[in-house]
Structure formats: structure tokens, C-alpha cells
Amino acid sequence: MLLDTVIFYICAIFAVGGAVMMILQRNPVASVMFMIVSLIAQAVLYVQLSALFVGALLIIVYAGAILVLFLFVIMLLNLRGERFEEERPKLGLTTKYGLAIIFFFEIVIIIKQTVFTGSISQSPITVASDFGNVKPVAELLFTKYLFPFELTSILLLVAIVGAVLMAKKENNDKGEQI
Amino acid sequence: MSTVAFLIASAVKVTVIVTVVLMGVAWATWLERKLLGRFQHRIGPNMAGPYGLLQPIADAVKLIFKEDIVPDKAEKVTYALAPIISFIPALLSFAVVPVSDTLTIFDQRIDMVISDLNIGILFVFAVTSLGVYGIVLAGWSAGSKYSLLGGIRSSAQMISYEVAYGLSIIGVILLANTLSMVELVEQQDSLFNWFIFRQPLGFVLFVVCAVAETNRSPFDLPEAESELVAGYLTEYSSTRYSLFFMAEYANMIAVSAVATTIFLGGWQGPILPPFVWFAIKVFFFMCFYIWIRATLPRLRYDMLMNFGWKVLFPLALANVMVTAFLQRL
């Protein structure tokens with residue numbers, strides 16, 4: 001039990017710390033790296049909740065594919081930190097701090113309403129032995145959540161077609177100019 | 001088994017496997033140079049020790065004592081981290097590969113696998129997909145054009161081939177109905193149950209994509225020496241260079257071990273002890289890798305991308321569909 005707790009706290013620190021560092025970094029490549037750290041820590045947290053499948057997917061899809069694409073784009077454009085520092089912030093200081101304070105209180109209220117109400121039972125929750133495996137997840141996806149699942153895939157398809165369309169259009173314009 | 005016994009057993013397993021893999025890496029370089037020499041009518045290394053067997057040690061000593069050069073333009077932290085990032089995933093995938101049947105020592109059943117995850121295959125794909133970061137970051141952080149081009153090529157190549165790579169084993173998963181590596185091996189108990197015979201197209205696709213994923217010839221575009229000097233490796237020297245070098249060979253051994261487990265029946269085999277069969281199959285696969293390198297010329301970059309998206313990807317999709325259809329009949 002103790003080992004679990006220690007692993008949880010280490011991963012929690014890395015997950016939150018990575019996310020914070022991702023925002024604070026000036027250098028886009030460093031941001032991506034901190035995001036990967038955060039994602040891996042989150043995957044470990046999923047594994048600790050015996051959701052192995054979700055943890056593996058998080059790494060395969062996000063860390064393994066999407067963030068490689070991020071890095072690819074950053075490298076292709078050869079972005080280095082300096083360029084961003086010249087940009088003027090569009091919002092004034094008062095607005096920025098005001099928004100930050102509002103968000104902070106919102107989060108405090110949400111946490112207060114969910115975590116500290118005592119609605120979560122103190123006894124450890126028992127889960128089925130195959131909890132988080134591929135089979136139960138797939139069964140839920142193809143029975144109970146079939147409609148949202150298909151809807152998501154249609155949304156992704158539309159996004160792909162849109163991306164192809166936009167890329168093509170630009171090419172055609174250039175072709176006409178030449 | 002108590003927690004302490006479990007921890008000790010795991011530590012022993014990890015130590016043994018990491019040691020064996022690192023030894024394997026060292027002598028895989030010897031094997032490659034020796035075989036390449038023979039393929040090209042040369043003798044290959046033969047001076048250090050009998051048959052040149054001490055050559056890897058001599059190479060290691062030489063590399064470690066070289067000067068460690070860091071370019072002025074390099075992003076220092078990333079530059080130092082990149083070799084480590086590329087080396088760790090290569091070792092991680094061995095965690096789910098069963099090297100032998102369950103042993104019984106002192107009435108204790110010991111699984112000859114570090115961890116029998118019920119998502120074993122997905123774990124392998126998760127960690128191998130992280131390996132690309134080492135190469136990409138190395139290319140980016142060195143501050144050199146050749147390195148950057150190598151890194152960009154690598155990321156494009158890995159994304160393209162990972163799709164077909166993942167799809168190529170879905171046929172096996174559909175037939176086996178499990179994602180656990182241990183159960184996969186148990187299902188391949190006779191020669192004709194090996195998935196290489198039940199999923200021949202899947203095996204071919206897996207091998208092609210695996211060669212591309214490990215950046216080996218004929219897909220070694222990221223370090224194409226005739227156009228990019230040494231690609232992402234250009235600015236690296238000394239121990240950092242040797243880490244990349246070791247990562248490449250560790251990846252080859254990892255892919256060979258995974259291919260053996262998924263398609264070639266793992267440790268299954270008659271007469272000889274199981275782990276010997278496993279070693280023989282991995283050795284066969286390594287020789288196959290080297291044979292490919294000696295035989296095929298490097299692809300041109302646009303050919304590589306076309307091949308990945310227009311040939312391998314549709315074939316892998318068709319394989320999944322046909323397998324799923326036949327499975328339901």
C-alpha cells in the first residue's frame with residue numbers, strides 16, 4: 001500500500017509540474033517535452049487505477065503519435081524561443097489578473113463541492129477483476145456508448161476531410177499564380 | 001507470493017534480462033560486422049581475440065575515452081537528454097516478453113517474464129513509439145542542418161510506418177483473442193499454430209514496418225550518410241554517440257524478441273530447453289536484419305513515404321478486414 005502511495009505522489013507531482021512547466025516554457029520544444037512528461041505520469045496514474053488499457057492508449061495515441069506531430073511541425077517551422085518574446089500581450093494586466101482570480105475561485109468552489117463533501121465513501125471500492133481491460137471497455141463502447149462513439153468518429157472524419165480540403169486549396173492557389 | 005519475494009524476484013529478473021540484452025547489443029555489433037564482411041567477400045574483424053570476439057570491448061573502450069564534444073549552438077540540456085531518451089524505451093519492451101516457460105524452483109512457480117500484462121502487445125507499442133523522441137530531439141538540439149534534416153525525416157517516417165506497424169498485428173490479435181504475450185505464446189503450441197503461418201501477410205508487413213521503425217537499412221534515411229553526413233548523429237561523439245549506437249541494436253533485439261513472441265512461437269520448440277529456442281529464433285531474426293542490410297539499397301525519401309502510405313497501409317487494412325471477416329464465418 002505504501003509503495004502505491006509513494007508512486008502516486010511522485011506521478012501526481014510530475015503530472016501537475018509537467019503541465020505547469022509546459023505553459024511557462026518560452027521554448028516550444030521544451031513545452032512539448034514537459035507535456036510528454038505530464039502524459040506519461042498521467043498514464044501511470046491510470047495504471048494505478050487498474051485502467052491499463054486507457055493508460056496504454058494515452059501513451060500510444062498522445063505521446064506516441066500526436067506529440068510527435070507537434071514536434072514535427074515545430075521543427076519544420078524551426079521555432080525557437082526568441083520569436084515569441086516580441087509579441088505584445090493582447091489583454092491588459094488588470095483583465096489578466098482578474099480572469100486568473102475568477103478561475104482560481106471557480107476551481108476552489110468545484111473542489112470544495114466534490115472532494116470535501118464526504119460523498120466519496122472512505123472504504124476502498126472493489127472493482128471487477130477484468131476492470132479496465134480491453135474487453136469490458138470494448139463492450140461498453142459498442143453497446144451502451146455506441147452512439148457517442150460513432151458520433152466521435154464522424155467528427156474526426158469531418159476534421160480529416162476539412163484538413164485535406166484546406167491543404168489542397170492552398171496548393172491550387174499557388175499553382176494558379178505560377 | 002509476499003511483496004518482498006515479489007520485489008526480489010522482479011529485481012533479479014530485470015537485472016538478468018538487462019545484462020543479457022546489453023551483452024547481446026555488444027556482440028550484435030560484432031555479428032553485424034562479421035556477417036557484413038562475409039557478405040562482401042571480406043573477413044571482417046579478426047584481430048581482437050579469437051574470431052575477433054573481443055572487438056566490441058575494444059570498441060567500447062575506444063568510444064568511452066574519446067573527447068565528448070558539444071557544439072556551441074546546441075541546446076545543452078536536450079542534447080544531453082536525447083541519447084538517454086532513445087535508449088530507455090529500447091530496454092523497456094523486454095518487460096513483457098516471455099523468454100521461457102514457467103519454471104518451478106523450490107516449489108515456487110516463477111514466470112519467466114518480468115510482467116505478464118494483459119495488454120502486453122499494447123505496452124510494447126507504447127514504449128517503442130516513444131523511441132522516436134530520442135532521435136527527433138537529438139536532431140533538433142544539435143543546432144546543425146544535417147542533424148535537423150535527419151530528425152525531421154525520422155519523425156515523418158516513424159509516424160507513417162507506425163500506422164501500418166500497429167495494424168499488422170491486429171490480425172493476430174483477432175485470431176488469438178488476447179493481448180497478453182504469455183497467452184500468445186501458449187496458443188502457438190504446434191508449428192502450424194505459429195502466427196507466421198496463420199497470418200503470413202501480417203508477418204511480412206510487421207517485418208517491413210519493424211525495419212522502418214528501427215531505422216535500419218533500407219529505411220535508414222534519418223542517418224543516410226551519402227546525403228546527410230550521419231543525420232541526427234552528426235554532432236554526437238564519445239559516450240553519447242555510443243548510447244545511440246547501443247539503442248539501435250537494443251531496438252533490433254527488442255523487435256526480434258517481439259516478432260519471435262508474436263509470430264514465431266516464442267519459446268515453443270521440441271527437445272531443447274525453451275529459452276534456447278527463444279534465443280535461436282531471436283538470433284535468426286537478427287541475422288535476417290543484417291542480411292537485409294547487406295542486400296537492399298536505401299530507398300529514396302519520396303519512395304519511402306509512398307511505400308508506407310500507398311502500399312503498406314492499404315495492405316494492412318485489407319489484412320485486418322479479411323481476417324475479421326474470416327473469423328466471423
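Lettering of chains follows the sequences in order, A, B, ..., and the numbering in each one begins at 1.
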Does A:Tyr46 have more than 12 heavy atoms from other residues, nucleotides or ligands lying within 6.0 Å of its OH?
no
Please enumerate all residues that pass side-chain contact (heavy atoms from CB on, under 4.5 Å) together with B:Val163, with sequence neighbours excluded.
B:Leu167, B:Trp309, B:Phe313
Which atoms form the tightest heavy-atom contact between B:Tyr133 and A:Tyr62, and what is the distance?
OH-O, 4.5 Å
Look at A:Ala43, A:Ala63, A:Ala56 and state which one has the largest set of heavy-atom pairs under 4.5 Å with chain B.
A:Ala63
Under the side-chain contact (heavy atoms from CB on, under 4.5 Å) rule, collect the residues that match up with B:Val14, sequence neighbours excluded.
B:Val18, B:Ile114
Going by residue number, which parts of residues 7-18 of chain A are within reach of chain B, meaning a heavy-atom gap below 4.5 Å?
none
Chain A contact via B:Leu179 - which portion, at a heavy-atom distance below 4.5 Å
side chain
So, do A:Ile59 and B:Val127 sit near enough that their side-chain heavy atoms are less than 4.5 Å apart?
no
With a 4.5 angstrom heavy-atom cut-off, which part of B:Val132 approaches chain A: side chain, backbone, both or neither?
side chain
Does any non-hydrogen side-chain atom of B:Leu81 lie less than 4.5 Å from one of A:Met33?
yes
Can you name the closest pair of heavy atoms from B:Leu130 and A:Ile40 and give their distance?
CD1-CD1, 4.1 Å
According to side-chain contact (heavy atoms from CB on, under 4.5 Å), who are the partners of B:Ala257, at least two apart in sequence or on a separate chain?
B:Phe94, B:Val97, B:Phe278, B:Val282
Spacing of CD1 belonging to B:Ile119 relative to CD1 belonging to A:Ile60, to within rounding of 0.5 Å:
7.5 Å
side-chain contact (heavy atoms from CB on, under 4.5 Å) with B:Val136: which of A:Leu71, A:Val32, A:Val29?
A:Leu71
Which atoms of A:Leu57 come close to chain B, meaning under 4.5 Å heavy atom to heavy atom: side chain ones, backbone ones, both, or neither?
neither
